[in-house]
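Nothing here was measured: the structure is a model prediction, and the numbers come from that model. Values reported hereafter were calculated over all heavy atoms of this structure, with side chains retained and with hydrogens, waters and symmetry mates removed.
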Amino acid sequence: MADRFFPNEMPPFMAETTPQQALPSQTPLSDSLTTLLSLPHQTLAAKFQSAALHLKQSVVRETWGSSGNRVKDYTLYTGALGTAFLVFKAYLVTKNESDLNLCSEIVKACDSASACSSRVTFICGRAGVCALGAVVAKHNGDERLLNYYLRQFKKIELPRDLPYELLYGRAGYLWACSFLNKHIGEHTVPTPQMRSVVDEVLAAGRQLAHKGRCPLMYEWHGKKYWGAAHGLAGIMNVLMDMELKPDEVEDVKVTLRYMIKNRFPSGNYPSSEGNESDRLVHWCHGAPGLTLTLVKAAEVFGDKEFIQAAADAGEVVWKRGLLKKVGICHGISGNTYVFLSLYRLTGKVEYLYMAKAFGCFLLDRAQKLISERKMHGGDRPFSLFEGLGGMAYIFLDMIDPQLARFPGYEL
């Protein structure tokens, strides 16, 4: 199991120094990671921003420029839309108009590439293209283009055999609706339109869970997954943004309590119902995705049990989350968001330090470890969810932790 992650040898908490202060006498000056960890946030934020913008240039060159501005994979997950999302994030940080224009250009190419796609979600489908396109058009002040993308979004039809999970299913479509309503305006996607999908999700979950110990249950490819990408954590995360009836709220709460009660003794969570292998500590499977969902539950419901469960899951990520992969789906970049989310929830500076520690590990060592083949750079090494695009994104989010949100998962 330990071959999946690097041992976390960083101190549990390390106070920042001012530029005039020396490092503790027991700290070797040659330890560049310790040096980074001791820096005040303002100084470190500048380093994160510089590294992020440099990485962004590489990502754009490799995923957009080298293809002659043509799109084969249009998705947010591994394709050009992920590059657009990164470039848009850079614009939000720097207000560089050229980034906004480049983002718009990439989204237009993704629009053409996805026009006949049957995939309907934010992360892996047409909904993500239309939703991001609309938001970028709003920032550009282009009302004609904004209305075009909103019309295209409304034309999306959900296949009858569509699954329910986040990456490819109904939950992923609903997340795109919430994204539009947050960034364009309330009721951009009317509640009745979303409600019909919510009804389908709840009815299917209740039917599969019929007379079981958990009120809601779902299958994807024959497995009852628990994680954020394909299972309960992702679906509950989306449902908590919907307008639910009291009995539906109770079903979501009891489903989360069922998962908490049946977690592993280590504090980690099974990847699927009945799976006894305590191996995965990823956003997609295991404690990281569950932490983000439990933080959301604590924010929505205010129950102390969800706050404690989120903290417990975060402890698993601190111990076993320095993965030998770089991406946000199943790598250190994604696991860093666990601590940023806990910091927003609790205000505890210890969580901000943990996020800083994981971020500094990436900043100091990731590319060297990848070049030495001690760390996996992703099958699509410049993509948002598997590769360096995700690392650039978390670096940008480290600049202002209060604004940090896991792409395609936290609103």
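Taking a cutoff of 4.0 Å between a charged side-chain nitrogen and a carboxylate oxygen, K325 and D379 do not qualify as a salt bridge. Using a 4.0 Å cut-off between a side-chain N of Lys or Arg and a carboxylate O of Asp or Glu, K89 and D397 qualify as a salt bridge.
Under the 3.5 Å distance criterion, with hydrogens and angles disregarded, no donor-acceptor pair is assigned to the side chains of S271 and Y225. There is a side-chain donor-acceptor pair under 3.5 Å between N96 and S98. A side-chain donor-acceptor contact under 3.5 Å links R279 and S277. There is a side-chain donor-acceptor pair under 3.5 Å between S114 and R126.
Aromatic rings from F339 and Y351 are positioned such that their centres are separated by 6.0 Å or more. In this structure, Y269 has its ring center at least 6.0 angstrom away from the ring center of F264.
The minimum heavy-atom distance between C360 and F48, with the atom names listed, is N-CZ, 4.0 Å.
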When you look at H330 and R4, which way does the side-chain contact (heavy atoms from CB on, under 4.5 Å) test go after all the steps? CA-CA 11 Å; H330 31 263; R4 291 180 172 271; over 6 Å; no
Applying salt bridge (Lys or Arg N to Asp or Glu O under 4.0 Å) to D241 and K296, what does each step give before you reach the verdict? CA-CA 9 Å; D241 279 317; K296 183 63 171 285; 2.7 Å; yes
Would you please test R263 and D312 for side-chain contact (heavy atoms from CB on, under 4.5 Å) and show each step? CA-CA 11 Å; R263 60 191 166 181; D312 293 343; 3.5 Å; yes
Compile the donor-acceptor pairs under 3.5 Å between side chains in residues 285-295 and protein atoms, sequence neighbours left out, one pair per line.
{"unit_1": "T291", "atom_1": "OG1", "unit_2": "A287", "atom_2": "O", "d": "2.7"}
{"unit_1": "T293", "atom_1": "OG1", "unit_2": "A233", "atom_2": "O", "d": "3.0"}
{"unit_1": "T293", "atom_1": "OG1", "unit_2": "G289", "atom_2": "O", "d": "3.2"}
{"unit_1": "T293", "atom_1": "OG1", "unit_2": "Y409", "atom_2": "OH", "d": "2.6"}

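With hydrogens and angles ignored, the 3.5 Å screen pairs no side-chain donor or acceptor of N275 with any backbone N or O of P270.
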